[in-house]
Amino acid sequence: MDSIKIFAPASVANVGCGYDTIGFAITGLGDEITVTKRGDDQLIVKEIIGAELPLEADQNVCTIGIKAMLEHLNIKTGFDITIKKLFKPGSGLGSSASSAAGGVFAVNELLGSPLSKEHLLEFALEGEAFASKCYHSDNVGPSLLGGFQVIRSYEPLDIFKVNVPEALQVLIIFPDVVIKTAESKALIPKTLDIKTARDQWSNVAGLVHALHTEDYTLLKKSIVDYVAEPVRSGMIPGYQEVKSIAFNRDSVGFNISGSGPSMFALFTDLVSMEKAEKEISELYQSKGLNLILHRAKLNTEGCQVID
């Protein structure tokens, strides 16, 4: 093949208690990336549709990841790249991760898949790290590999997938304000007292066990965050009100998506989700704030070829 088109899904990171450790991919939002072989060794971002992002190869997360992979493979092939963003950067849904994961996946496919999807993660991370100023896999891992991913270790990188109940679905609530990941990360405390750390670890264990056993009562109790939510929620307009609506409508888990401003609410019942969606929409209308709502399932495929 000389050209390929792929889809790289958006993702929800942290999932409450799993700061930089847990994330899941979602359906319907993400990047469509078209990659075409060139006759030279240049990486050229031809066009970015849907967002104003750098076209320069050394400033774009997609090409930074591709360059790292090509250097590892000692391959000199060049590529033209077009990126179509189906969601807004700065939303807290892993925009940079989708581009970084999708770029290395597409080029690997064009080269005949010399690397496994799991091996691609280390190169996608290079692009993600450029955007957020640190290495974290809780967006790029789910976007690349799909499903619900847990990063057990960063040094060495060790990631595993947790099976999730088929009934689980998610409502994404995106107040149209921008929060930069690097700025949001600066708010996170550098140290934790032992009680806070203990409670956070307990919730991570509860979250993973709840998914395996389909225990939604435990799931709701475990998606509680003592690290990021206390300092980040104040940056998100209407956060506490939305949280109350979600739980009043039987959400089985609610928190900030990544660094925000998007929020996620997990449901097992579509009627409850629809009622929450209506009330949240009315809330933001009353505040005069723009809002994007998106219903999704968990994306189990990750990056995939679409053309």
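- A distance of 9.0 Å separates CD in Glu32 from CD1 in Ile6, rounded to the nearest 0.5 Å.
- Put simply, the side chain of Leu157 reaches to within 4.5 Å of the side chain of Leu125, judged on heavy atoms.
- Closest of all the heavy-atom pairs between Thr34 and Ser3 is CG2-OG, 4.0 Å.
- Side-chain polar atoms of Asp225 and Gln200 form a donor-acceptor pair below 3.5 angstrom.
- With a 4.5 Å cut-off on side-chain heavy atoms, Pro261 and Phe174 count as touching.
- Residue Phe7 is not grouped with residue Ile83 when hydrophobic side chains (ILVMFWY) are merged at heavy-atom distances under 4.5 angstrom, including chains of intermediate members.
- Hydrophobic cluster membership is shared by Leu120 and Leu110, with clusters built from Ile, Leu, Val, Met, Phe, Trp and Tyr side chains linked at under 4.5 angstrom.
- Val61 and Val107 fall into different hydrophobic clusters, where Ile, Leu, Val, Met, Phe, Trp and Tyr side chains are chained together by heavy-atom contacts under 4.5 Å.
- We find that Asp41 and Lys76 are not joined by a salt bridge, their nearest charged nitrogen and carboxylate oxygen being 4.0 Å or further apart.
- Between the Tyr284 side chain and the Pro237 main chain, a donor and an acceptor come within less than 3.5 Å of each other.
- Leu219 and Val164 fall within the same hydrophobic cluster, defined by Ile, Leu, Val, Met, Phe, Trp and Tyr side-chain heavy atoms under 4.5 Å apart, directly or through other members.
- Taking every heavy atom of both residues into account, Phe267 and Ala276 meet most closely at CZ-CB, 3.7 Å.
- Not one N or O on the side chain of Asn299 forms a donor-acceptor pair closer than 3.5 Å with the backbone of Ala25.
- To the nearest 0.5 Å, the span separating CD1 on Ile194 from CG on Asp199 amounts to 10.0 Å.
- In this structure, the side chains of Glu126 and Met69 stay at 4.5 Å or more apart for every pair of heavy atoms.
- Side-chain contact of Ser95 with Lys85: a donor-acceptor pair under 3.5 Å is present, judged by distance alone.
- A donor-acceptor pair is defined here as one N or O able to donate and one able to accept, closer than 3.5 Å; such a pair exists between the side chain of His294 and the backbone of Thr27.
- Taking the six-membered ring where the residue is Trp, Phe264 and Phe24 present perpendicular rings, their angle passing 60° and hence far from 30°.
- Put simply, the side chain of Ser153 gets close to the backbone of Glu155: a donor and an acceptor are under 3.5 Å apart.
- Although no hydrogens or angles enter the test, the distance criterion places a donor-acceptor pair under 3.5 Å between the side chain of Arg232 and the main chain of Gly258.
- Taking every heavy atom of both residues into account, Gly92 and Ser257 meet most closely at O-OG, 2.7 Å.
- Between the Asn203 side chain and the Ile223 main chain, no donor and acceptor come within less than 3.5 Å of each other.
- Inspection of the Asp80 and Thr36 side chains reveals no N or O donor paired with an N or O acceptor under 3.5 Å.
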Original post:
Would Tyr154 and His136 count as a side chain to side chain contact (heavy atoms under 4.5 Å, CB included) if you check the C-alpha gap in whole Å, the side-chain angles of each, and the deciding distance to 0.1 Å?
Top reply: CA-CA 8 Å; Tyr154 277 91; His136 64 102; 3.8 Å; yes

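- Side-chain contact between Val45 and Leu53 is absent, with no heavy atoms from C-beta onward closer than 4.5 Å.
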Original post:
Checking side chain to side chain contact (heavy atoms under 4.5 Å, CB included) for the pair Val150/Thr21: CA distance, chi angles, key distance, verdict?
Top reply: CA-CA 6 Å; Val150 178; Thr21 304; 4.1 Å; yes

Subject >> Verdict with supporting geometry, Leu266 and Leu168, side chain to side chain contact (heavy atoms under 4.5 Å, CB included) >> reply: CA-CA 7 Å; Leu266 294 169; Leu168 209 58; 4.3 Å; yes

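- In this structure the side chain of Leu43 reaches within 4.5 angstrom of the side chain of Leu70, judged on heavy atoms.
- Counting only distance, with no hydrogens or angles, the side chain of Ser281 and the backbone of Glu277 share no donor-acceptor pair below 3.5 Å.
- Under the 4.5 Å side-chain criterion, counting only non-hydrogen atoms from C-beta, Leu293 is in contact with Ile173.
- Counting heavy atoms from C-beta outward, Asn248 and Glu279 have side chains that stay 4.5 Å or more apart.
- With a 4.5 Å cut-off between side-chain heavy atoms of Ile, Leu, Val, Met, Phe, Trp and Tyr, the cluster of Val177 takes in none.
- Between Gln240 and Ser233, the closest heavy-atom pair is NE2-OG, 4.1 Å.
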**OP:** With salt bridge (Lys or Arg N to Asp or Glu O under 4.0 Å) as the test, would you mind laying out the steps for Asp40 and Arg38 before giving the verdict?
**Re:** CA-CA 5 Å; Asp40 55 25; Arg38 293 174 56 87; 2.8 Å; yes

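- A donor-acceptor distance shorter than 3.5 angstrom exists from the side chain of Asn14 to the backbone of Asp20, with no hydrogens or angles considered.
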**OP:** Dump the intermediate steps for ring pair (Phe, Tyr, Trp, His ring centres under 6.0 Å) on Phe254 and Tyr239, then the final yes or no.
**Re:** CA-CA 10 Å; Phe254 177 91; Tyr239 182 81; 5.5 Å; yes

Original post:
What's the verdict on salt bridge (Lys or Arg N to Asp or Glu O under 4.0 Å) for Lys278 and Glu274, showing C-alpha distance, side-chain angles and the deciding distance?
Top reply: CA-CA 6 Å; Lys278 181 176 182 294; Glu274 289 173 343; over 6 Å; no

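- Residue pairs meeting the ring-ring contact (aromatic ring centres under 6.0 Å, His included) criterion with at least one partner in residues 75-110, sequence neighbours excluded, are absent.
- With Asp193 contributing its side chain and Lys195 its backbone, the two residues share a donor-acceptor pair below 3.5 Å.
- Distance OG/Ser99 to CD1/Ile66: 10.0 Å, rounded to 0.5 Å.
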Subject >> From CA spacing to verdict: salt bridge (Lys or Arg N to Asp or Glu O under 4.0 Å), Asp250, Lys275 >> reply: CA-CA 10 Å; Asp250 298 324; Lys275 289 178 179 178; over 6 Å; no

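- Within a 6.0 Å radius of CD in Gln304, other residues, nucleotides and ligands contribute more than 12 heavy atoms.
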**OP:** Determine, step by step, whether Lys117 and Asn108 satisfy the side chain to side chain contact (heavy atoms under 4.5 Å, CB included) criterion, reporting the C-alpha distance in whole Å, the side-chain angles of both residues, the deciding distance to 0.1 Å, and the verdict.
**Re:** CA-CA 9 Å; Lys117 250 189 176 185; Asn108 190 58; over 6 Å; no

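- Atom CG of Leu93 and atom NZ of Lys88 lie 12.0 Å apart (nearest 0.5 Å).
- Across all their heavy atoms, Ile49 and Thr82 have their closest contact at CD1-CG2, 4.3 Å.
- Heavy-atom contacts from other residues, nucleotides or ligands closer than 6.0 Å to NZ of Lys37 number more than 12.
- If you take OG on Ser98 and CG on Asn139, they are separated by 7.5 Å, rounding to the nearest 0.5 Å.
- Grouping the Ile, Leu, Val, Met, Phe, Trp and Tyr side chains by contacts below 4.5 angstrom, directly or via other members, places Leu270 with Ile280.
- At least one side-chain heavy atom of Ile22 sits under 4.5 Å from a side-chain heavy atom of Phe148.
- When every heavy atom of Ser143 is checked against every heavy atom of Pro9, the shortest pair comes out as OG-O, 2.8 Å.
- With rounding to the nearest 0.5 Å, the separation of OH in Tyr216 from OG1 in Thr268 is 6.0 Å.
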